[in-house]
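Reading through the structure tokens given below for one structure.
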Amino acid sequence: MQFKHASLLLIVILLGTAVLTFIVIERQKELNDQRATALEDIGEPIDLPVSTQTPAQQIDPATLKANEYLSTSVDLNGDGVVEKISIEVKGSSAEGTSTILTASGSSIVFPGSNPEGFFGIVDINITDHEKEIAVSDLGPSGDPTTGFYRFDGSLLQLIGTTQGTYETIEFAGNGMLTTQTRASILQTWFYTDNFTLGSDHKLERVNQDLYLINPKATGAHLTMLQDLPLHTDASSKTSASVATTLKKGEAITFVGCDDVAWCEVKSATGIAGWFLVENYDTIVKVGGIRVPASEVFEGLSNAD
């Protein structure tokens, strides 16, 4: 009797499985028919060719803004002769690119990995009767640079490179230009960086003892995660003299750095002091104790 019941149960299970399988097959046929009908309405997919060109090589001249040129004619060195200037981007995204700038037959290769693909004409010093060519590269991770070129009547010469694209750089017209430079230590932040055109017509950086962060920038206002003794001032940074000790939980202001090894912060009471940084973001406390910056300060900017 038990055998008959088991056999009936097995038959019921097999019939149920067969019915379920039939339903699944029919539903799949129905879906296939729907897809076929849809394809008849919209057509088969089209395989578009994949371009190996960089964005710089696909620039539409009609989209260029003011002072953005693929080619133009300008008297660069003030001798009354107009130079014909052009730019060309060679290579591919996969193979790498090279940007070739040419002025009246003299060519020079601009180093970079992500060229804007055009150039601008700037006048760093309006009293020297010369104009400069500016070529920008967007960099591999959003860190743009600009190379400045001079034409001496026969040859193009690189006179200096700064951070930032030339469209964002401020030109005072007196031989000074100002850009925003990404700092090299502690966190991701930028500071105002000045360059001046020397008598040899080379751009020279105006070095500062302290590069200031914008007070409104991310990372300018921090909270202490542990106590940190601060060195007295810039003249005694190498000594163990202590100006104040920042306490855990205290809100402080990050003032800036010398962009080499030392940073200045200010306590809530207005007392300023310095601390040492190694290997970008390792804090060296008084006494030689090394601690990651992320364990000392809360609120650091770590954008890439």
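Just the heavy atoms: all of them, side chains too, but no hydrogens, waters or symmetry mates, feed the values below. Everything numeric in this text was worked out from a predicted model, so none of it was measured.
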Is there a side chain to side chain donor-acceptor pair (under 3.5 Å) between Glu130 and Asn125 once you walk through the steps? CA-CA 7 Å; Glu130 294 195 28; Asn125 189 342; over 6 Å; no
Let me see the working for Val255 and Leu212 under side-chain contact (heavy atoms from CB on, under 4.5 Å), right down to the final yes or no. CA-CA 6 Å; Val255 178; Leu212 303 175; 3.8 Å; yes
Evaluate side chain to side chain donor-acceptor pair (under 3.5 Å) for Thr232 paired with Ser241, printing each intermediate quantity in order. CA-CA 6 Å; Thr232 305; Ser241 57; 2.8 Å; yes
Please lay out, stage by stage, how Asp143 and Thr145 fare under the test side chain to side chain donor-acceptor pair (under 3.5 Å). CA-CA 7 Å; Asp143 292 321; Thr145 58; over 6 Å; no
Under the criterion side-chain contact (heavy atoms from CB on, under 4.5 Å), I'd like the reasoning laid out for Asn279 against Ile185: C-alpha separation, chi angles, the key distance, then a yes or no. CA-CA 8 Å; Asn279 301 324; Ile185 56 176; over 6 Å; no
Go through Phe171 and Met176 one step at a time and tell me if the side-chain contact (heavy atoms from CB on, under 4.5 Å) criterion holds. CA-CA 6 Å; Phe171 299 91; Met176 180 83 71; over 6 Å; no
Start with the C-alpha distance between Gln180 and Thr192, add both sets of side-chain angles, then the distance that settles side chain to side chain donor-acceptor pair (under 3.5 Å), and finish with yes or no. CA-CA 5 Å; Gln180 294 296 309; Thr192 299; 3.2 Å; yes
Candidate pair Asn77 and Asp152, rule side-chain contact (heavy atoms from CB on, under 4.5 Å), full reasoning: CA-CA 6 Å; Asn77 61 339; Asp152 66 1; 5.9 Å; no
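Atom NZ of Lys266 and atom OG1 of Thr253 lie 7.0 Å apart (nearest 0.5 Å). Interatomic distance, CD of Gln187 versus SG of Cys263, reported as 8.5 Å (0.5 Å rounding). Ile124 contributes atom CD1, which lies 11.0 Å from atom CZ of Arg150 (distance to the nearest 0.5 angstrom). With rounding to the nearest 0.5 angstrom, the CG atom of Leu203 is 9.5 Å from the CG atom of Asp200. The distance from atom CG of Leu246 to atom CG of Leu225, rounded to the nearest 0.5 Å, is 12.0 Å. Summarising the geometry, atom OG belonging to Ser71 is positioned 10.5 Å from atom CD1 belonging to Ile87; distances are rounded to the nearest 0.5 Å.
Although no hydrogens or angles enter the test, the distance criterion places a donor-acceptor pair under 3.5 Å between the side chain of Glu83 and the main chain of Leu76. Under a 3.5 Å cut-off, the side chain of Gln226 and the backbone N or O of Glu295 do form a donor-acceptor pair. Between the His221 side chain and the Pro215 main chain, a donor and an acceptor come within less than 3.5 Å of each other. Asp259 contributes a side-chain N or O that, together with a main-chain N or O of Ser184, makes up a donor-acceptor pair within less than 3.5 Å. Side-chain atoms of Asp75 come within 3.5 Å of backbone N or O of Gly80 as a donor-acceptor pair. Between the side chain of Asp281 and the backbone N or O of Ala293 there is no donor-acceptor pair closer than 3.5 Å. Side chain of Gln163 to main chain of Arg182: a donor-acceptor pair is present (N/O by atom type, distance under 3.5 Å, no hydrogens or angles).
Aromatic ring pairs are classed by plane angle as parallel below 30°, tilted from 30° to 60° and perpendicular above 60°; the pair Phe275 and Phe297 is tilted.
Under 3.5 Å, the side chains of Asn194 and Thr178 contain a donor-acceptor pair of N or O atoms. Checked by atom type, the side-chain pair Tyr166/Asn67 shows no donor-acceptor distance below 3.5 Å. Using a 3.5 Å distance cut-off with no hydrogens or angles, the side chains of Ser136 and Thr165 do not pair a donor with an acceptor. A donor atom on one side chain and an acceptor atom on the other are not found under 3.5 Å apart for Thr218 and Ser301. At a cut-off of 3.5 Å, with distance as the only test, a side-chain donor of Glu132 or His201 sits close to an acceptor on the other residue.
Cluster membership for Leu197 and Val206, using ILVMFWY side-chain heavy atoms within less than 4.5 angstrom, is not shared. Linking ILVMFWY residues whenever their side-chain heavy atoms come closer than 4.5 Å, directly or via other members, places Leu158 and Ile85 in the same cluster. Taking hydrophobic clusters as Ile, Leu, Val, Met, Phe, Trp and Tyr residues chained together by side-chain heavy-atom distances below 4.5 Å, Tyr280 does not share a cluster with Ile283. By the rule that hydrophobic residues join a cluster once side-chain heavy atoms approach within less than 4.5 Å of another member, Phe254 and Phe190 end up as members of separate clusters. One hydrophobic cluster, built from ILVMFWY side chains closer than 4.5 Å, holds both Ile252 and Ile213.
You'll find the side chain of Thr181 stays beyond 4.5 Å of the side chain of Thr162, heavy atoms only. Within the 4.5 Å cutoff, the side chain of Leu300 has heavy atoms near those of the Leu222 side chain. For the pair Thr146/Thr161, no side-chain contact is recorded, criterion being any heavy-atom separation below 4.5 Å from C-beta on. Side-chain contact between Ile133 and Ile121 is present, with at least one heavy-atom pair separated by less than 4.5 Å. A heavy-atom distance below 4.5 Å is found between the side chains of Phe110 and Tyr149. Looking only at side-chain heavy atoms (C-beta outward), Ser106 and Phe151 come within less than 4.5 Å of each other. You'll find the side chain of Ile108 stays beyond 4.5 Å of the side chain of Ile100, heavy atoms only. Looking only at side-chain heavy atoms (C-beta outward), Leu210 and Trp274 come within less than 4.5 Å of each other.
With sequence neighbours left out, the side chain to side chain donor-acceptor pair (under 3.5 Å) criterion links Lys247 to no other residue.
Taking every heavy atom of both residues into account, Ile271 and Ala243 meet most closely at CG2-O, 4.4 Å. Shortest non-hydrogen contact noted between Glu68 and Lys65 is OE1-N, 2.8 Å. Taking each heavy atom of Asp227 and Lys285 in turn, the nearest pair found is O-NZ, 3.1 Å. Val82 approaches Ser73 most closely through the heavy-atom pair CG1-CB, 3.4 Å. Residues Glu250 and Ser267 approach most closely at OE2-CB, 3.4 Å, considering heavy atoms. Val89 and Gly117 get closest at one heavy-atom pair: CG2-CA, 4.0 Å.
Between Tyr69 and Phe119, the distance separating the two ring centers is shorter than 6.0 angstrom.
For Ile126, the CD1 atom is loosely surrounded, since the number of other residues' heavy atoms within 6.0 Å does not exceed 12. Taking a 6.0 Å sphere around NE2 of His129, one finds it holds 12 or fewer heavy atoms contributed by other residues, nucleotides or ligands.
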